[in-house]
*Asks:* 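Just dropping this structure here.
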2 protein chains.
Amino acid sequence: MRADILESALRLFAAHGFRGTSLQDIASDVGCSKASLLYHFTNKDTILSELFAPIGHEFETLLQRLAPLQGEEAARAAVAGVVDMSLRFRRQVKILLLDVDALLDHPELPCVDDVTEALVDAMVGRVPEQEPRVAGWMALLGIFLTTARGVAIPDETMRAELTSGAFRTLGLSS
Amino acid sequence: MRADILESALRLFAAHGFRGTSLQDIASDVGCSKASLLYHFTNKDTILSELFAPIGHEFETLLQRLAPLQGEEAARAAVAGVVDMSLRFRRQVKILLLDVDALLDHPELPCVDDVTEALVDAMVGRVPEQEPRVAGWMALLGIFLTTARGVAIPDETMRAELTSGAFRTLGLSS
DNA sequence: GACAGAACTGTCCGATCGGTCAGTTATCGT
DNA sequence: ACGATAACTGACCGATCGGACAGTTCTGTC
């Protein structure tokens, strides 16, 4: 039942956003009462936290794996990591994009700004100038949103296209 | 006063989303009563419609300008047009991204899906395969989101970086 | 100063939200 | 069969939302 609730919540949050989905919406989708949701989860935020728990750790390990790398090597690893996580957690990414501002102060998920800044750093190098960072943001956000939007092709094809596209954006040979 | 209301609404909608901003929030920001808002505008949706009215026409003329072009010429013109509109209407773009699903059925603004699909067509050509379209989506969404997010550089520098970045994503020489 | 109309506001309304709680039903070891 | 515990629910609560409406204040004209 907990699993059913989480599955429905993930689908509805991704479709209509966190704020755009009421507990009653989830309950109707699951086929139980609203009170039953709050029996399994203390409140609405807890449901969200549970959905985002896995990706918090994964992003942390990705950043650790990226930390010692530099230059083109770091950029290619960052792209591969971001593409992989976007494909595996595309619905969570969509939730994050739909309700960024409301979810930023959410304690459970790591500070999104810090993580994304670190990923851009890995893609374009730790340069003080802002100009090269634009390409990094374009690559990062392009991957996230294109995955969240969804294109009617198999996952592995999508992975290859996203990776080569991001490489081109960053000026790397693909 | 109407202008003050629209300015406050635009800023608040861009910061917290359409659904995340109440009429009371806007009234407090303007410094008037909620009832006063509803004297100048028939309802909350009308405020949003007025904010999006200009960009509807602009996107239409952009698509008309793009229609006769083909190949690389069309792609370069599409990128230039999208970059230009993103920079000029960055707050509207952000609103659209924050509340896509809730705003899709909004009658005032043109069907977002149709417009974006046409822009991707212009960028990658009207090909039946889905694979090349991924790069188109990456370029389009990369421009939109990077602009909406904001980078601390002058507009004209941003324009140049966004344009060359999108060209690279699409495999065009910049 | 009197008047008309625009501009504005306080107050109320129904709907919906997240959340609480007492009470009911199902499950299971003994 | 029975009691304990988990699972679940209907009814309710306070807060907040978008919006309606009667009444008040401001502003310009004669």
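Each chain gets a letter, A, B and so on, in the order its sequence line appears, and its residues count up from 1. Everything numeric in this text was worked out from a predicted model, so none of it was measured.
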*Asks:* Just how far, in rounded Å, is P of D/dA20 from CZ of B/F41?
*Replies:* 16 Å

*Asks:* Roughly, in whole Å, what's the span from CG in B/N43 to P in D/dC21?
*Replies:*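 It is 14 Å, rounded to the nearest whole Å.
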
*Asks:* Between B/K44 (NZ) and D/dT16 (P), how many Å, whole number?
*Replies:*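 After rounding, the reported distance stands at 15 Å.
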
*Asks:* Taking A/S22's backbone N and O only, do any of them form a donor-acceptor pair with A/K44's side chain (distance below 3.5 Å, no angle check)?
*Replies:* no

*Asks:* Can you tell me how far P of D/dC8 sits from CD of A/Q24, to the nearest Å?
*Replies:* 16 Å

*Asks:* What is the distance, rounded to the nearest whole Å, between atom CD1 of B/I26 and atom P of D/dC17?
*Replies:* 11 Å

*Asks:* From the list C/dT9, D/dC8, C/dG19, which nucleotide is the closest neighbour of the side chain of A/L23?
*Replies:*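 Selected nucleotide: C/dG19.
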
*Asks:* Under 4.0 Å between a side-chain N/O of B/H40 and OP1 or OP2 of C/dC8, yes or no?
*Replies:* yes

*Asks:* Select one nucleotide: of C/dG19, C/dT9, D/dC8, the one nearest the side-chain heavy atoms of A/S36.
*Replies:*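 Nearest to the side-chain atoms of A/S36, counting from C-beta on, is D/dC8.
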
*Asks:* In whole angstrom, give the distance that lies between atom OH of B/Y39 and atom C1' of D/dC26.
*Replies:*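 Between C1' of D/dC26 and OH of B/Y39: 11 Å.
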
*Asks:* From D/dT9, C/dT9, D/dG19, pick the nucleotide closest to the side chain of B/L38?
*Replies:*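 The listed nucleotide nearest to B/L38's side chain is D/dG19.
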
*Asks:* Let's see if you can work this out: which of D/dA7, C/dT20, C/dG18 has an atom nearest to the side-chain heavy atoms of A/S22?
*Replies:* C/dG18

